[in-house]
Amino acid sequence: MVERNGRSQETTPSGSTHSPPDSFVEQANVADPAIHERFETNWPDCWTRAADLLSWDEPYDTVLEDDDAPFYRWFSDGRLNAAYNCLDRHLESGRKNHAAIRWEGKQGERRTYTYQDLYVEVNEFAAALRDLGVEEDDVVTIYLPMIPELPIAMLACARIGAPHSVVFAGLSADALATRMDAANSEFLITCDGYYRRGDAFNQKSKADNARIGLEQDVRTVVVDRLGDDLPHVLGDDEWDYHELCEEFAGETVEPVSRDAEDMLFLMYTSGTTGEPKGVVHSTGGYLAHVAWTSHAVLDIKPDDTYWCAADIGWITGHSYIVYGPLALGTTSVMYEGTPDYPDRDRLWEIVDRNAVDIFYTAPTAIRAFMKWGSDYPDRHDLSSLRLLGTVGEPISPRPWNWYREHIGGGDCPVVDTWWQTETGAVTISTLPGVDEMKPGSAGPPLPGVDARVVDAQGDDVEPGEAGYLTIGRPWPGMARTLYDGDERFVTEYWRRFSDPDADEWRYFSGDTARIDEDGYITVLGRVDDVINVSGHRLGTMEIEGAIADVDGVAEAAVVGRSNDAGNTEVYAYVSTEREREPDAAVRTAILESIESAIGPIARPAEVIFTPELPKTRSGKIMRRLLEDVANGEELGDTSALRNPEIVGEIQAEVGDGV
Ligand code: 6R9
């Protein structure tokens with residue numbers, strides 16, 4: 001029996017499989033049916049195919065060093081620069097007037113950056129950062145919404161060898177402060193604000209609040225996004241982005257040659273304990289893996305217009321809006337807005353106008369499109385689309401088929417890509433020019449990736465059975481460690497299924513999955529205390545901590561609930577102190593505390609007050625049971641509880657609330 005926290009959806013593959021259409025296979029970057037086998041027999045050297053997509057200042061001799069497992073090193077004696085790979089080399093190969101980023105703003109603004117434009121801005125800003133005192137290996141925090149200055153800042157950091165730590169713009173001041181404190185970051189790039197449904201929203205005040213609590217001095221660059229719509233004054237240690245770029249107009253900065261194993265960036269993600277984890281990514285292995293998967297899985301070609309509709313504040317945007325597509329020299333669309341503003345056909349209007357070839361989004365968005373109906377995509381010509389992708393959550397066969405039919409016109413392959421912040425790049429997916437697709441299943445592990453579904457002892461499960469999703473051998477894009485320390489890295493990901501005495505290492509993803517007789521993997525959900533809301537990983541303990549901060553709250557338990565549309569929502573159970581009646585004021589204080597500790601994305605859909613939380617005899621809150629109650633599931637035997645009588649009361653409360 002596999003423990004499970006994430007609610008699994010209807011994930012059984014529908015039985016009907018689809019072959020990649022011949023017209024797709026004929027043009028696919030990777031169409032060799034023997035590729036899985038070739039990678040297997042030639043491992044780890046097979047990964048040179050990925051590394052060969054990059055330009056190295058110094059070629060590597062060693063593909064993999066594994067003598068200090070699980071701290072693996074890839075291409076470790078090679079040297080390169082990520083910004084050089086994403087910019088300079090495309091200018092040198094005569095593509096300087098090719099569009100690199102097509103930005104679609106929230107208010108209907110549009111900006112196109114050619115590779116030359118991007119090169120110029122990245123260089124100017126890199127020069128400015130240096131002038132502000134940023135040195136190689138200094139962590140620069142970037143707290144920007146989806147505006148072009150975000151990828152520009154990332155590439156400017158990469159150019160001078162300063163790892164960036166991008167914090168999703170929707171996160172709160174507290175969340176920003178925690179991350180800057182943990183990384184001891186002394187540089188911050190933010191903006192005055194951004195538009196939310198036409199209204200000006202103040203981002204700088206959040207950044208100011210974050211800085212107040214920090215011990216270190218923080219030099220801050222502010223991008224003026226809103227102009228007169230939100231006037232702001234610069235204080236001490238603050239600079240205006242555009243003035244800086246003007247000051248360094250025309251300057252170029254030599255890209256710093258980095259060791260393949262040097263840190264390119266860190267990215268904080270939610271973990272099983274309250275503190276977010278600072279996942280460290282390398283320069284060489286990471287870039288090779290994202291470039292290779294952009295090529296082999298997303299089938300990106302330099303002349304394509306490619307659109308990943310994610311936010312760069314999460315790993316998907318790092319790997320597949322910025323580094324992967326730009327390393328390949330393609331045109332990457334970057335969209336600032338939401339799918340339903342000004343109308344629900346906004347995305348399809350953008351696909352149509354830009355003749356987008358490849359579109360990559362999350363299941364939560366696809367379920368929303370399905371709910372809105374096919375009239376919206378039908379208003380537009382989507383025939384430019386050649387390939388569709390999904391990432392972030394399990395997708396069940398119905399939305400998968402709807403996506404293929406109504407967005408892909410019935411003949412686009414759909415790749416359901418499984419990966420994580422920690423894996424850096426896609427690790428399980430069909431190859432669209434090679435593998436059969438089974439709706440509801442992500443597919444086989446990528447060539448060279450040793451993903452396996454195992455039981456509690458670490459043995460492979462039989463086809464059809466559920467187990468833990470693990471990865472045996474290392475892969476180039478894998479996280480190198482956690483910024484908070486090597487020990488936590490080993491504890492969080494390796495301890496459970498490895499045998500260090502025998503030097504046998506197996507990575508544990510935190511997900512459960514099922515594998516079928518063809519080796520196709522269907523991901524079921526997470527086992528840890530992480531819930532996945534619209535593709536955002538939220539730690540239940542972080543949310544519970546924010547609730548517990550509210551005066552009068554005794555205890556809280558947070559679970560995920562699957563709503564009618566199949567989306568996961570945050571569901572909070574709260575007990576108050578005896579003398580405190582749970583009233584509207586407590587509820588408001590809870591919502592405010594969560595918004596300020598994490599951000600609006602963590603806001604619960606329901607707050608259920610209960611005199612007590614159900615507990616085991618050893619005093620552990622039975623989250624599993626609360627999750628079943630929230631989801632209206634049959635409850636198993638509750639007699640092992642210390643307070644079984646509370647369950648009926650909670651059920652009645654939930655029944656009233658829904
Ligand atoms: C890239 C990204 C990782 C978690 C992962 C899993 C879930 C991602 C999935 C999927 C089923 C897929 N997940 N892709 N589940 N099918 N195709 O999302 O990274 O934010 O770190 O989340 O997302 O649970 O463990 P991250």
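Order of listing sets the numbers, starting from 1, for every ligand and every atom in it. Predicted model only: the values in this text are computed from it and were never measured.
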Close approach of W419 to ligand 1, heavy atoms, under 4.0 angstrom: yes
G510 touching ligand 1 at heavy-atom level, < 4.0 angstrom: no
What are the atoms of ligand 1, with element, lying closer than 4.0 Å to any heavy atom of [X]?
X: I315; answer: 1 (C), 19 (O)
X: V523; answer: 11 (C), 15 (N)
X: V391; answer: 1 (C)
X: N532; answer: 7 (C), 23 (O)

Tabulate below the donor-acceptor pairs under 3.5 Å that side-chain atoms of residues 442-449 make, not counting sequence neighbours, or state none.
none

Region of A442 that comes within reach of ligand 1 [heavy atoms, distance under 4.0 Å]: neither
Under-4.0 Å heavy-atom contact with ligand 1, by part of T390 that carries it: neither
Looking only at distances, please establish whether an N/O atom of ligand 1 is found under 3.5 Å from an N/O atom of [X].
X: T421; value: yes
X: Q420; value: yes
X: E393; value: yes
X: D416; value: yes
X: T316; value: no

Examine distances only and state if a side-chain atom of [X] and a backbone atom of [Y] form a donor-acceptor pair shorter than 3.5 Å.
X: T540; Y: V559; value: no
X: S172; Y: S596; value: yes
X: W47; Y: W475; value: no
X: Y493; Y: G510; value: no

NZ/NE/NH1/NH2 to OD/OE distance under 4.0 Å, R386 and D304: yes
N-O pairing of R473 and E40 below 4.0 Å: yes
Distance in Å, W103 CH2 paired with L150 CG, rounded so as to fall on 0.5 Å steps: 12.0 Å
Protein heavy-atom partner closest to [atom] - residue, atom, separation in Å:
atom: atom 20 (O) of ligand 1; answer: R537 CD, 3.7 Å
atom: atom 25 (O) of ligand 1; answer: R526 NH1, 2.7 Å
atom: atom 5 (C) of ligand 1; answer: D511 OD2, 3.3 Å

Given Y335, Y320, W307, the one that forms ring-ring contact (aromatic ring centres under 6.0 Å, His included) with F359: W307
Nearest candidate to atom 18 (O) of ligand 1, where distance is taken over non-hydrogen atoms, out of A425, S319, G392, A362: G392
Pairs touching residues 519-546 that satisfy ring pair (Phe, Tyr, Trp, His ring centres under 6.0 Å), sequence neighbours left out: F168-H536, W314-H536
No-hydrogen, no-angle side-chain donor-acceptor test under 3.5 Å, R367 and N567: yes
